[in-house]
Each structure stands twice: as C-alpha cells, then as structure tokens.
Protein chains: 2
Amino acid sequence: MDTLETRELRYFVTVAEELHFSRAAERLGIAQPPLSRAIQQLERRLGVTLLERDRRGVALTDAGRVLLDEARVLLDSVAAVARRTQRAASAPNRLTLATKAGANHDLLRKLLDAHAAEPDAAEIEVVLCGMGDQARMLRDGRADVAFMQRPFDALVGFDTEELLTEQQVAILPAEHPLAARTSLTLADIADVPGLPVARWPNQDGTYEPGPGPEINDLSQLAQLIALGHTSAVLCASSRSWLWSAHVAVPLTDAPHVTTVLAWPAHSRSQAVARLVKTAVNL
Amino acid sequence: MDTLETRELRYFVTVAEELHFSRAAERLGIAQPPLSRAIQQLERRLGVTLLERDRRGVALTDAGRVLLDEARVLLDSVAAVARRTQRAASAPNRLTLATKAGANHDLLRKLLDAHAAEPDAAEIEVVLCGMGDQARMLRDGRADVAFMQRPFDALVGFDTEELLTEQQVAILPAEHPLAARTSLTLADIADVPGLPVARWPNQDGTYEPGPGPEINDLSQLAQLIALGHTSAVLCASSRSWLWSAHVAVPLTDAPHVTTVLAWPAHSRSQAVARLVKTAVNL
DNA sequence: GCTCGGTGATACCGCCCAGGTATCACCGCT
DNA sequence: AGCGGTGATACCTGGGCGGTATCACCGAGC
C-alpha cells in the first residue's frame, strides 16, 4: 500500500461532509464520475469500506468516521506546513501571535516589551481573533504562537507554557444593585431577573439556548453590559478594558483561569523558542 | 496556491535528507530528472526556494529546514491516518496500548483488569516497545494509547491523563556497599568507582559518552546490575521486576516520575475515551 | 403500473503530467 | 585536455485524472 495523497483525502472529506457524490463533486469543481472513482480507489488502496452506499443516500462506516476526523486535521496540517514554510522564507525573523481581542492586554504588553528588549528579537505581529480562533490559527499555520486560556480553550495538540493564573470576575452594569457587592458567587448572578448572562457561540458558531443575548465579541458585550441588558463572567485581567459604566466584582467560587502561551507541538522554530523563554522569565 | 501533495513532500524529504538528487532518486525508485522537476515544481508552487544548489552539492535554505521538519511529522501523520482507518475497519473494538517493556507493570495490570470489567470493553492489545518508542508508535498510528513517563518522554502533541506519581530509586547490585543504605542522593551514586551508571540511547540511537555500559532494554540492564557492573535510576514501580540480586534504594533528591496515559491529540475514538475514563477512576 | 426524477456506477475518450532516456552545462580533479 | 560527477534541460511515452454519455436502480408520483 503506498501512501495516501492529499487530493484523495480532500475528496473523501468533501463526500463525507455532503454525504452526496454529486453535490460533493460540484463543491470540488469536478464531475461526479471521477469523484466516485477516486473514492473507490481510496477504499481499494486502504482495503477498507469507507462509505455505505445504498438506495437513498450515502452513510459513513465506522472506519469512514475515523478517516473523516483524522483527514480533517491532517488537511489543516498540510495547509499549515505550506504557510509556515512560506512565512519562514518571506519573513525570516517574524512571529505571528494570536490572541482573543481584549483578553490579557497587560500581560501581552509586558511580554512584547520584554521580548523587544532581547537582542535580535523577532518582530512580533499580533493578530486579534474571535473566541477560540487561536487553535485554528495555530493549526493551519496562520499563527506561530497564541495566548490561550485554560480551562476554556482546547489545548490539545499544542505545547504550552503557563503565564498567569487569575480569578474570574462578574462584569455588571454599574447601576445594578449587585454591582455594589464586594464579592459574588456564580449562584448570585445566575437567573437574575432582567440581567441574563450573555451567551458565547460554540466552536461551530451555534448558540446554546438561553435567555441571555447572543454575542460574538467583547465590544458587543461591553455595550450590552453598559446598557444594563446583560452580565458576563470573565477573567480578572479584563478590568483593563472596562468602561466607566461597568463594575467588576470578584467571583469566589468560579474556577480560576490560567493564561498560557501555546504553540504547535513539534515546533522547532528558534524564534518561538526565544519568545517562550522570554515569557517564562517574565 | 493549491495544496501540497504527499508525493511531493516525500520527494522533498528524501532530497533534503540525502542532499543529493541522484541518491535521493535512487532511494525513491525513480530517475533523477523527474525528481529535479518535482522539487522545482514544489518550490514554484510554494513560491519559496527550498534548496540552494551550487557546484559541489545541495544545501537547505532556512525555509527548507522548516519544511523538512514539518513534512516529516506530516508524513508520519499520513501513515498514521491510513493505519488507524484500517485498524478501525479490521478490529472495530480493539485498542493497541504501547508501553516500555518492564515499566509500570502493576499499574498496567490494574488498568487492564478494571477495563475488562467494564461493559462492552474494547479488547486491548499490549505492545511492549523500547525506550521512547511509544511516541513514534502513537504518531504513526501503530498504537492508540501509551504509557509514558514525565519528565522522560516527550509528551508534546499528545493528550494525557496523569495516573501515578512516584519516587525514583537506585537499582544496585545486592552485594554492593551502597545497597545497605536506606536512602541515597544522586550525588551518592554518581561517579562510584567500579559502578558507573548505565547509559540509555538518545532518540536517534546514539549514546552520550561516559563510563557506564550502553544498554537498550531492561533485561540487559537487569543482568548487568546483577553482575555488579552497573547501577541505574528508575521509578519506584520498577521494584516489581527486580531480581534477588538487586536492591532498590530510594533517592531523596531525584525528580519524581509521573506515569501518564497518552493518546494522539484530537483523537475522537470512543474506545480510547472509555479507556481513559476507566483509568481516571482507578 | 408506468413514467419521471434523482442517485451512484460504468464505459469510453482525450489530454495532461509524471516518469523515463538522452543529453547538456558546469565544475573540480587529475 | 580529459574525466567523472553534479543537477538541469529536452523530448517522448503512457497511465491516470477528468470529462461526457449512459446505465442500473429505486422512490414517488398522478
């Protein structure tokens, strides 16, 4: 058995996602017959049935589900390899750091200052991204390192270095009665009439059902809190961007949040290693 | 830029390893001109110079070094994906667990017993491997889970669950004077005349220079210790395979060793998840 | 029941590109 | 100058990828 080609994997992933050869072929920009043949060849090569075709549709076998999961991250990795190689050539001494917009501003500032002070430090480009996008950016090579937060972000597959552990705080409208308290518990802010907790999207962009407003980024959140429409639970360093209409109250029973510096496993980049070293010594 | 094909990456890795087109072509079983062309095409596609060809040889550029590192693990991943898919099809409910021969025998026994007691538990095949082979076996898909040890094994790129933290002990010949002590320090056993500490191979199979014998596995080590020729530092659970000619003495200042259950990051295997759950509840 | 629409599989064809052979250009050594 | 050895180039061939046309099959309809 010689090795799989990425073209075959791309074809398979598309078919497995659509569960429909013709639609998959259209998405891939090829005709349906070559696609059927490519999948057959892939199955023959692996010696494994990946798709169960019966009347009325296509279904994944167990092995097919395994391959779908694995092939997706593999294709991400292929794209990542290409991008990292290109970046290594075009900007030999530059790193891209991804972080959630608004999070850990002070820490980031300290890290950048400390790193800039190092001799022949890499130039660092900061990319602000939405919730949970850092993992994707690391995986597909658009970023070299990222700020991520335990236990919120999935750190699996990355190498990490802990930077800072902090309490969480409730961000409340300044005029709300609860804002006068010096500390709160999660129970205190759950189900407060007229102040539902805001809901963040899941990985796939959907929202859990609930009373609170659906939000995408911190600016939306900030405004909704300032308007007195919602509250939120965030890590203590969020204080650095609070409005005067906001109040942050410590939560005694919320899990602590650890901010980590994360980078792709197996990275051998000198520049990443130097940045991590700087971060450790902060 | 469309995506890289694994064929191109295999070609590039071979050339980068040989730094010689003709030899690389021979290893790949193709002729030299198509190989030159393939590499040129890869460079054109990436828009990056990967190899510096001048008279008397080929050298990697910085970008080429990046691609070599990345492509190697990527090709491993491709092979892993194929193998895991095949295993998912041929043995739907079987897991392969890799562990260092001789290490953590009792813990393994407990895990296997507990797991066998679960309803519809996966069948578990235990593969014993040499030092540090577990990482490779997880990466290339020959194993689904592995016992690994911090801080010795590189856990980067894997998801892990801590199982057991234990002290390290010095394993000494029973007749040696130091064997009578109730505890030792690392300094005590370093540079003992006539009893040099055994040397394990590095990842690449080479050995650090030093006075002690070069060893590959625990049976070699056991015999050499029993003969009074060497000593070793191992985790406390190694006591389960000691000979009567061995004595284990606790080391007060050696770092503790944590045995973890490790599996490939992003694994979504139900069977792995169930085994991990069992392990956590041990 | 018949057609009709829609599925994936098959048959067949054309063309591109991977791979092979022969050769070149260039160099360091005798 | 000649030789051996490098990678690059030129050119040809063939297999495989992708295209069109069509089939086999099935469910849903007046």
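Chain letters run A, B, ... following the sequence lines, proteins first, then strands; residues in each count from 1.
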On the nucleotide [N], are OP1 or OP2 found under 4.0 Å from the side-chain N or O atoms that [X] carries?
X       : N      : result
A/Ser22 : C/dG8  : yes
A/Arg37 : D/dC17 : no
B/Ser36 : D/dG7  : no
A/Arg7  : D/dG18 : yes
B/Arg53 : D/dT6  : no

In whole angstrom, give the distance that lies between atom [atom1] of [X] and atom [atom2] of [N].
X       : N      : atom1 : atom2 : value
B/Leu35 : C/dG19 : CG    : C1'   : 11 Å
A/Glu52 : C/dA9  : CD    : P     : 12 Å
B/Ile30 : C/dC17 : CD1   : C1'   : 13 Å
A/Leu28 : D/dC17 : CG    : C1'   : 14 Å
B/Phe12 : C/dA18 : CZ    : C1'   : 20 Å
B/Glu18 : D/dT6  : CD    : C1'   : 15 Å
A/Ile39 : D/dC17 : CD1   : P     : 12 Å
B/Glu5  : C/dG19 : CD    : C1'   : 17 Å

Checklist entry - Mapping A/Tyr11 and A/Gln32 to their closest nucleotides on DNA chain D, which lands nearer the 5' end? => result A/Tyr11
Item to check | Basic-acidic side-chain contact under 4.0 Å: A/Arg94, A/Glu125 | outcome: yes
Next on the checklist: Check this for me, if you would: do A/Asp133 and A/Lys100 make a salt bridge, where the nitrogen-to-carboxylate-oxygen distance has to be below 4.0 angstrom?
Outcome noted: no
Item to check | Option among B/Arg87, B/Arg274, B/Arg139, B/Arg84 that satisfies the salt bridge (charged side-chain N to carboxylate O under 4.0 Å, His left out) test with B/Asp144 | outcome: B/Arg87
Checklist entry - Which nucleotide sits closest to the side chain of B/His20: D/dG7, D/dG19, C/dT21? => result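 Output: D/dG7.
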Checklist entry - If you check every side-chain atom of A/Gln41, which of C/dG20, C/dG8, D/dC17 has the closest atom? => result D/dC17
Next on the checklist: Check this for me: does the side-chain of B/Gln40 come within 3.5 Å of the base of D/dA8 through a donor and an acceptor?
Outcome noted: no
Next on the checklist: Show the nearest heavy-atom pair for residues A/Ala98 and A/Cys129, with the distance to one decimal.
Outcome noted: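 Closest heavy-atom pair between A/Ala98 and A/Cys129: CB-SG, 4.3 Å.
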Checklist entry - Hey, are the side chains of B/Ile124 and B/Thr96 touching, using non-hydrogen atoms and a 4.5 Å cut-off? => result no
Checklist outcome for this item: Per nearest nucleotide of DNA chain C, the residue lying toward the 5' end, B/Pro33 or B/Ala38, is B/Ala38
Checklist entry - Quick one: on DNA chain C, does A/Phe21 or B/Gly29 contact a more 5' nucleotide (nearest heavy atom)? => result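 Per heavy-atom nearest nucleotide, the more 5' residue is A/Phe21.
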